[in-house]
Amino acid sequence: MKKSADLGLFLALALICSYIETLIPISFGIPGIKLGLTNIVVILALYKLGAKSALAISVLRILLAGFMFGNMFSILYSLAGGLLSFFFMVLLKKTGKFKMISISAVGGMTHNLGQIIVAAIVVENMNLFYYYPILLIAGVITGVLIGIAAQEIVLRLPADSNK
């Protein structure tokens with residue numbers, strides 16, 4: 001019962017973060033650059049609940065937020081970015097050689113890569129990859145910030161909640 005309650009709580013937090021992000025009036029002038037607040041929840045779930053639960057939370061959040069705040073294209077782009085970044089974050093975490101901040105930064109970079117790959121396929125224009133260096137820098141910056149926030153939250157959570 002506790003595991004399903006944890007999943008529900010993390011999913012609710014992820015959806016709240018998605019909603020908050022839609023309210024932030026920051027425009028960086030390039031499509032696809034966002035703060036990635038929901039990645040805080042995904043990283044926390046990865047560290048506190050494990051990879052399977054974190055994946056479920058990530059995919060469900062993308063689908064639900066897409067239906068509530070976006071459209072089919074936003075779901076497609078978010079799934080591509082979310083799944084690619086999740087794969088890399090899990091891979092790096094399993095090595096035990098990377099800290100949460102580095103894992104989050106790689107998550108930000110690969111999320112943007114997944115989105116640009118899908119966008120290039122959808123619009124049938126490989127020139128979109130010219131945007132990737134800017135998206136890469138944005139992914140690193142936001143990933144580090146999200147990683148710092150997630151790390152600080154983990155430090156403040158009770159030790160007995162680690163799984």
Side-chain angles (χ1 to χ4, degrees), residues 1-90 93 100 103-124 128 131-132 134-136 138-154 157 161 163:
M1 179 71 161
K2 177 148 175 41
K3 183 109 174 172
S4 62
D6 289 345
L7 287 171
L9 178 64
F10 274 82
L11 179 57
L13 288 171
L15 286 169
I16 290 167
C17 288
S18 289
Y19 178 67
I20 289 170
E21 198 154 39
T22 66
L23 299 176
I24 298 174
I26 298 174
S27 173
F28 296 99
I30 295 178
I33 296 179
K34 296 189 334 182
L35 293 174
L37 294 176
T38 56
N39 204 39
I40 293 173
V41 179
V42 174
I43 290 173
L44 291 174
L46 181 61
Y47 277 82
K48 293 295 187 181
L49 304 177
K52 287 180 184 177
S53 294
L55 179 61
I57 291 163
S58 182
V59 170
L60 287 171
R61 192 273 316 162
I62 290 167
L63 294 172
L64 292 171
F67 287 123
M68 290 190 298
F69 315 122
N71 56 45
M72 290 309 288
F73 284 111
S74 65
I75 292 171
L76 181 64
Y77 295 138
S78 292
L79 272 175
L83 292 174
L84 186 64
S85 68
F86 187 81
F87 170 77
F88 277 94
M89 289 191 301
V90 168
K93 183 179 180 290
M100 191 180 293
I103 291 170
S104 178
V106 169
M109 294 181 324
T110 53
H111 189 278
N112 290 342
L113 178 60
Q115 287 187 324
I116 204 114
I117 289 169
V118 168
I121 292 168
V122 167
V123 300
E124 298 177 355
L128 288 178
Y131 287 120
Y132 187 63
I134 295 166
L135 293 175
L136 179 71
V140 169
I141 293 168
T142 58
V144 166
L145 293 174
I146 295 302
I148 290 169
Q151 180 176 282
E152 290 300 315
I153 292 169
V154 167
L157 288 175
S161 68
K163 295 187 182 183

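Only this structure's heavy atoms are used, side chains among them; waters, hydrogens and symmetry mates stay out. All residue numbers in this chain count up from 1 along the given sequence.
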Show, in sequence, the C-alpha distance, side-chain angles and deciding distance for Leu63 and Leu79, and conclude whether the side chain to side chain contact (heavy atoms under 4.5 Å, CB included) test is met. CA-CA 8 Å; Leu63 294 172; Leu79 272 175; 4.2 Å; yes
Separation of [Y] [atom2] from [X] [atom1] (nearest 0.5 Å):
{"X": "Thr38", "Y": "Arg61", "atom1": "OG1", "atom2": "CZ", "value": "3.5 Å"}
{"X": "Leu128", "Y": "Ile121", "atom1": "CG", "atom2": "CD1", "value": "11.0 Å"}
{"X": "Leu44", "Y": "Ile57", "atom1": "CG", "atom2": "CD1", "value": "9.5 Å"}
{"X": "Leu145", "Y": "Ile40", "atom1": "CG", "atom2": "CD1", "value": "9.5 Å"}
{"X": "Gln151", "Y": "Ile146", "atom1": "CD", "atom2": "CD1", "value": "13.0 Å"}
{"X": "Ile43", "Y": "Lys93", "atom1": "CD1", "atom2": "NZ", "value": "11.5 Å"}

Do you know which two heavy atoms are closest between [X] and [Y], and how far apart they sit?
{"X": "Ile116", "Y": "Tyr131", "answer": "CD1-CB, 3.9 Å"}
{"X": "Phe86", "Y": "Ala54", "answer": "CE1-CB, 3.6 Å"}
{"X": "Ala105", "Y": "Val144", "answer": "CB-CG2, 3.9 Å"}
{"X": "Ile24", "Y": "Leu35", "answer": "CD1-CD1, 3.7 Å"}

Does some side-chain heavy atom of [Y] sit less than 4.5 Å from a side-chain heavy atom of [X]?
{"X": "Met109", "Y": "Ser85", "answer": "no"}
{"X": "Ile75", "Y": "Met72", "answer": "yes"}
{"X": "Ile103", "Y": "Tyr47", "answer": "yes"}
{"X": "Leu49", "Y": "Leu7", "answer": "yes"}
{"X": "Leu83", "Y": "Leu55", "answer": "yes"}
{"X": "Tyr19", "Y": "Met68", "answer": "no"}
{"X": "Leu60", "Y": "Leu15", "answer": "no"}
{"X": "Asn112", "Y": "Leu136", "answer": "no"}

Do the side chain of [X] and the main chain of [Y] share a donor and acceptor less than 3.5 angstrom apart?
{"X": "Ser18", "Y": "Ala14", "value": "yes"}
{"X": "Ser74", "Y": "Asn71", "value": "yes"}
{"X": "Asn39", "Y": "Val42", "value": "no"}
{"X": "Glu21", "Y": "Gly36", "value": "yes"}
{"X": "Ser104", "Y": "Gly143", "value": "yes"}

Checking side chain to side chain contact (heavy atoms under 4.5 Å, CB included) for the pair Val41/Leu11: CA distance, chi angles, key distance, verdict? CA-CA 8 Å; Val41 179; Leu11 179 57; over 6 Å; no
Counting heavy atoms not belonging to Phe69, are there more than 12 under 6.0 Å from its CZ?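 Above 12, so yes.
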